[in-house]
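The structure displayed is predicted, hence computed values, not measured ones. Convention: sequence-line order gives letters A, B, ...; per-chain numbering from 1.
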There are 2 protein chains.
Amino acid sequence: MFELVTPITLGDRVLSQFVELINNGTFKLGEKLPGERDLYAQLGVSRPVLREVLSALRYMGYIESVQGDGTYICKRPLGPAMTQLSLQAMIEETQLFEIWEIRYLIEPEVVGLAAQRATDEDISLIREKFHLFEKNVQENIDHQAIIESTKAFHNAVAMAAHNEALAFLLESITNMMPETRERTIQVQGSSERAVAYHRSIMEEIAARNPEAAKKNMQKHLVDVKSDLEAYMASKKR
Amino acid sequence: MFELVTPITLGDRVLSQFVELINNGTFKLGEKLPGERDLYAQLGVSRPVLREVLSALRYMGYIESVQGDGTYICKRPLGPAMTQLSLQAMIEETQLFEIWEIRYLIEPEVVGLAAQRATDEDISLIREKFHLFEKNVQENIDHQAIIESTKAFHNAVAMAAHNEALAFLLESITNMMPETRERTIQVQGSSERAVAYHRSIMEEIAARNPEAAKKNMQKHLVDVKSDLEAYMASKKR
DNA sequence: ACCGGTAAAGTGGTATGACCAATTTTAAGG
DNA sequence: CCTTAAAATTGGTCATACCACTTTACCGGT
């Protein structure tokens with residue numbers, strides 16, 4: 001007869017109370033929380049329930065706990081709010097392309113911002129990461145190292161845009177296709193092309209040329225997409 | 001002497017194992033998990049630890065539990081992976097502008113896609129949401145209704161872009177500035193201007209004119225930004 | 001009075017066992 | 001065979017105890 005909305009659990013209630021306590025300023029950022037024993041008494045639940053809630057908040061990155069010390073409220077929870085463990089297996093094929101498209105929308109804009117806002121330090125960091133990447137590709141080290149260095153490069157670029165939330169977001173998104181990255185890297189010549197594009201992007205950021213940088217990032221991502229398609233096709237077999 | 005990297009907790013280990021079990025296909029999407037009693041034995045931990053991990057996964061939206069029935073793995077965990085409870089109080093002023101900038105990067109692109117991909121159904125839905133919004137503003141109903149209807153409009157547009165992940169992402173982002181929305185809506189004339197922009201955007205999507213739609217969305221967001229600034233200034237006092 | 005080391009107190013982490021509430025399954029009864 | 005009620009199963013909650021680590025505070029030596 002009645003619609004089953006959502007069986008509200010005790011933890012849900014506690015979670016709400018907790019959010020409220022933070023939003024109304026009872027608990028301030030960076031502050032230490034009361035001990036679990038005080039807290040669960042204060043909230044009127046048992047310790048396990050409290051801990052389940054805290055556990056969730058912890059894995060989401062809102063709080064941090066130190067054994068023997070206490071639990072602290074994180075100051076910059078932005079990343080956690082967007083990212084989180086990406087269970088790659090949970091991402092289906094269509095979603096992979098959707099995620100690619102999001103990259104295609106965002107990353108060019110990011111390099112555009114980077115080209116406008118990068119400081120000299122930013123640029124030298126980008127240079128450094130690029131040369132590391134180039135070196136790894138040339139020497140054909142293990143794939144993991146190459147992946148790490150390309151991520152480092154993209155990350156350095158994102159930092160140069162001077163929008164921390166954006167950098168977080170981008171990292172989360174790219175992390176959603178990790179397996180993919182490992183496979184597409186094996187496609188013939190893909191890494192070499194990537195090096196070329198990275199170089200162009202780097203140089204155009206250094207030259208403060210947003211539009212050109214954006215264009216090259218777009219081309220690079222189109223490349224990534226075709227690698228992705230090749231990978232998907234091979235997976236079908 | 002030694003650097004404290006991260007005190008790995010039992011739950012962390014279980015979480016990893018769990019992720020691995022999903023990624024290697026032992027647990028498939030939509031499937032029912034073993035009972036907690038089996039599971040915690042199988043993973044070699046106690047029930048509280050297991051439950052803390054499951055709790056986190058649950059609040060992140062990866063799994064769902066039904067008392068008396070079992071725990072299921074969600075099929076489309078994309079939203080949860082990005083969004084989650086946004087503790088508005090945890091977002092600082094600078095971050096608000098960073099988030100605005102993200103909107104400024106993404107939303108115009110989204111309406112651009114929408115103008116290319118919208119079906120007739122999409123367009124009529126957008127029209128519907130727009131008229132609701134317009135009506136709410138004219139009749140000056142309670143603010144909550146206005147906020148809801150503008151969100152509904154933006155959401156309808158996002159759906160028209162036919163990229164579910166993107167729609168999720170955008171919703172998460174806009175949800176990060178909820179309080180803001182409630183305040184800026186009180187700024188004189190802001191709602192009326194918003195109606196005008198929404199109308200233009202709607203019409204240009206219907207006319208399949210991506211560039212014009214993008215331009216208007218950008219203007220609208222610039223408007224939102226100045227409201228934001230006004231809000232922040234008033235908050236300072 | 002100062003310093004250093006050690007014990008105590010406090011904190012988060014883990015484990016056990018029990019019971020409650022909802023659902024599903026099973027089996028008994030019509 | 002269908003209905004129905006009991007039993008088994010499952011997630012939800014609680015109490016308690018103990019472990020590991022940190023911080024604090026006390027106390028003795030200098």
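- A side chain to side chain contact (heavy atoms under 4.5 Å, CB included) with B/Thr71 is found for exactly one of B/Val66, B/Leu33, B/Leu39, B/Leu57, namely B/Leu33.
- The phosphate of D/dG12 has neither OP1 nor OP2 within less than 4.0 Å of any side-chain N or O from A/Thr9.
- A straight line from CG of A/Leu15 to P of D/dT13 spans 12 Å, rounded to a whole angstrom.
- What separates CG of A/Leu57 from P of C/dG12 is a distance of 14 Å, to the nearest Å.
- A straight line from OH of A/Tyr59 to C1' of C/dG13 spans 11 Å, rounded to a whole angstrom.
- Taking atom NZ of B/Lys32 as the reference point, atom P of C/dT23 lies 13 Å away to the nearest angstrom.
- The CG-C1' distance, from B/Asp69 to C/dT25, rounds to 12 Å in whole Å.
- Using a 4.5 Å heavy-atom cutoff, the side chains of B/Pro48 and B/Tyr40 are not in contact.
- Rounded to whole angstrom, the span from the CD1 atom of B/Ile63 across to the C1' atom of D/dG11 amounts to 11 Å.
- The heavy-atom pair separating B/Leu50 from B/Glu36 by the smallest distance is CD1-O, 3.7 Å.
- Listed here is the closest heavy atom pair of B/Ala145 and B/Asn136: O-ND2, 3.5 Å.
- Taking every heavy atom of residues 40-53 of chain B and every atom of DNA chain D, pairs under 4.0 Å involve B/Arg47, B/Arg51, by number.
- Mapping A/Leu10 and A/Arg37 onto DNA chain D by nearest heavy atom places A/Leu10 closer to the 5' end of the strand.
- Side-chain contact, B/Thr9 with B/Asp12: no donor N or O sits under 3.5 Å from an acceptor N or O.
- In this structure, the CD atom of A/Glu36 is 16 Å from the P atom of D/dT22, given to the nearest Å.
- With a 4.5 Å cut-off on side-chain heavy atoms, A/Tyr72 and A/Ile63 do not count as touching.
- If you measure from atom CD of B/Gln67 to atom P of D/dT13, you get 8 Å, rounded to the nearest angstrom.
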